[in-house]
Amino acid sequence: MAAGGPSRSERKAAERVRRLREEQQRERLRQVSRILRKAAAERSAEEGRLLAESEDLVTELQGRSRRREGLKRRQEEVCDDPEELRRKVRELAGAVRSAKHLVVYTGAGISTAASIPDYRGPNGVWTLLQKGRRVSAADLSEAEPTLTHMSIARLHEQKLDGCPAACCCPALSPQVQHVVSQNCDGLHLRSGLPRSAISELHGNMYIEVCTACTPNREYVRVFDVTERTALHRHQTGRACHRCGAALRDTIVHFGERGTLGQPLNWEAATQAASKADTILCLGSSLKVLKKYPRLWCMTKPPSRRPKLYIVNLQWTPKDDWAALKLHGKCDDVMQLLMDELGLEIPPYSRWQDPIFSLATPLRAGEEGSHSRKSLRRSREEPSPGDQGAPLSSAPILGGWFGRGCAKGTKRKRVT
């Protein structure tokens, strides 16, 4: 024993006293919590004295309760009544018409109409997992661009004139300059948006890349390339046609930073954000996007930052910054917006899906390198090279979406 230090028996006694005090504190906390759950009229005189003697605990528990209620309210979906939504859409239409540089940020909420679940909605992936419920998804090869996807593509083609005389502005740029997406489903690409106009922060399930080539060489496929990939494991099992290096997917899983050094077309996203005077956020909780300060022009003074318009049913951390928040489903809002702008929404056609012209065919010997269903121009006839997998409503395992669904689940350790 060190000179002047407590003996072993003294240390053990001090530890017993500490643990006893902690247990007494926990018991007092449980008692106060039970009392607070009662109505004031139902509390006995003794319980009232206990509350008076435990002001600190009462304050702490009441604070916890307020925080829980606040979180619960933030998860609730709120819908504007039809007349209020139409009024807000008219205001949004005015902002779209007058925007000189409009950038659109999209999240999982724009793909729910394509039967792809979001993450934080009432039936979202994380919400269901937190409740201990099973998550399943329809065959992602059957998903098609939604009304919102097609509306955005139309706005990228369209040149709106915000001034009264159309002849005074002969050289007009596309109304939507750029789209920054958190989605991996490839539906923006399939809607007709050019690759140069899309930045996909978390990757694209139809794109694999060679990082040995400079710049990275992209291969667009007509099937989900993420079958063999997972968190921190990105090789797809195919090789670059130019240099022979192993190809990898473009997915950024939760818990990863950009595996390619930066997200797909990141430079274009930051350039678009720096020029933006208007940002329209569709179907995103913004809990991830808020962590990209360059997308919000945070280095500029507040008065020079772009005006922000948000379409979401739930609370977002950017609500207080928004010029306008619309509580509605994305497809409903975009239908009203396009009507207000007098623009027709083009229908999606599988025969005209750009992915078929952009796709790189598999080389000889690569036909068996995947078992995922290939996209087909016609639902009735299989596309060339299709593996013939039958339609199924079973969960899609592995890769992008399956690994996302596995988040938070416990895995047995193999011994």
Side-chain angles (χ1 to χ4, degrees), residues 108 111 116-117 119 125-126 129 135-143 181-190 195 198-213 215-266 288 355 358-363 365-375 385-387 389 392 394-412 414:
S111 295
I116 299 176
Y119 291 93
V125 173
W126 304 155
L129 287 176
V135 178
S136 62
D139 190 332
L140 298 180
S141 70
E142 295 301 306
S181 177
Q182 296 173 257
N183 301 335
C184 305
D185 52 34
L187 295 181
H188 278 305
L189 179 65
R190 295 177 57 196
R195 288 287 299 123
I198 320 167
S199 295
E200 293 164 302
L201 301 188
H202 298 153
N204 186 316
M205 63 185 278
Y206 295 111
I207 297 178
E208 52 189 347
V209 297
C210 174
T211 54
C213 290
N216 292 347
R217 185 176 175 84
E218 289 188 359
Y219 293 82
V220 178
R221 306 295 192 182
V222 292
F223 55 87
D224 181 358
V225 304
T226 69
E227 179 178 0
R228 301 181 182 183
T229 65
L231 184 72
H232 304 308
R233 190 174 76 242
H234 294 275
Q235 291 191 1
T236 63
R238 286 172 291 277
C240 177
H241 296 184
R242 176 178 292 177
C243 69
L247 296 180
R248 57 186 295 153
D249 72 8
T250 57
I251 305 301
V252 180
H253 293 277
F254 287 91
E256 286 183 333
R257 291 188 180 273
T259 55
L260 303 174
Q262 60 186 22
L264 284 176
N265 211 11
W266 172 243
V288 175
I355 199 167
L358 293 171
T360 303
L362 294 175
R363 294 188 297 183
E366 291 183 330
E367 292 83 358
S369 64
H370 77 99
S371 62
R372 293 289 172 85
K373 182 188 295 296
S374 295
L375 294 173
D386 198 343
Q387 302 301 304
S392 172
I396 304 302
L397 303 177
W400 155 57
F401 190 78
R403 295 297 175 181
C405 289
K407 183 180 189 297
T409 59
K410 295 182 179 179
R411 298 181 181 177
K412 292 182 180 179
V414 179

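Values below: all heavy atoms of this structure, side chains included; hydrogens, waters and symmetry mates excluded.
With values rounded to the nearest 0.5 angstrom, S369 atom OG is found 9.5 Å from L247 atom CG. E142 contributes atom CD, which lies 8.5 Å from atom CG of L375 (distance to the nearest 0.5 angstrom). If you take CG on D185 and CG on N204, they are separated by 8.0 Å, rounding to the nearest 0.5 Å. The distance from the CG atom of L201 to the OG atom of S181 is 7.5 Å, given to the nearest 0.5 Å.
Across E200 and I207, no two heavy atoms sit closer than the pair OE1-CD1, 4.4 Å. Between G244 and A239, the closest heavy-atom pair is O-CB, 3.7 Å. For the pair V220 and L189, the tightest heavy-atom approach, listed with the atom from each and the gap, is CG1-CD2, 4.4 Å. Minimum interatomic distance between V209 and E218 (heavy atoms only, all atoms of both residues): CG1-CG, 3.8 Å. The minimum heavy-atom distance between E367 and L362, with the atom names listed, is CA-CD1, 4.1 Å. H241 and P361 get closest at one heavy-atom pair: CE1-O, 3.8 Å.
Remark: the backbone N or O of R238 is not paired with any side-chain donor or acceptor of E366 at under 3.5 angstrom. The backbone N or O of I198 sits less than 3.5 Å from a side-chain atom of N265, completing a donor-acceptor pair. For the pair D224 (side chain) and T226 (backbone), a donor-acceptor distance under 3.5 Å is present. Side chain of E227 to backbone of V225: no donor-acceptor contact under 3.5 angstrom is found. A donor-acceptor contact shorter than 3.5 Å links the side chain of H202 to the backbone of Q182. Within the 3.5 Å criterion, the main-chain N or O of L231 finds no donor-acceptor partner in the side chain of E256. Here the side chain of Y206 pairs no donor or acceptor atom with the backbone of A359 at under 3.5 angstrom.
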R242/C210 under side-chain contact (heavy atoms from CB on, under 4.5 Å): CA gap, chis, key distance, verdict: CA-CA 9 Å; R242 176 178 292 177; C210 174; over 6 Å; no
Do E208 and T250 pass the side-chain contact (heavy atoms from CB on, under 4.5 Å) test, and can you show the C-alpha distance, the side-chain angles, and the key distance before you say yes or no?
CA-CA 6 Å; E208 52 189 347; T250 57; over 6 Å; no
For this session: Please assess H253 against R233 for the test side-chain contact (heavy atoms from CB on, under 4.5 Å), listing each intermediate value before the final yes or no.
Result: CA-CA 10 Å; H253 293 277; R233 190 174 76 242; over 6 Å; no
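Ring orientation note: the planes of H370 and F223 are close to parallel, at an angle under 30° on the 30°/60° scale.
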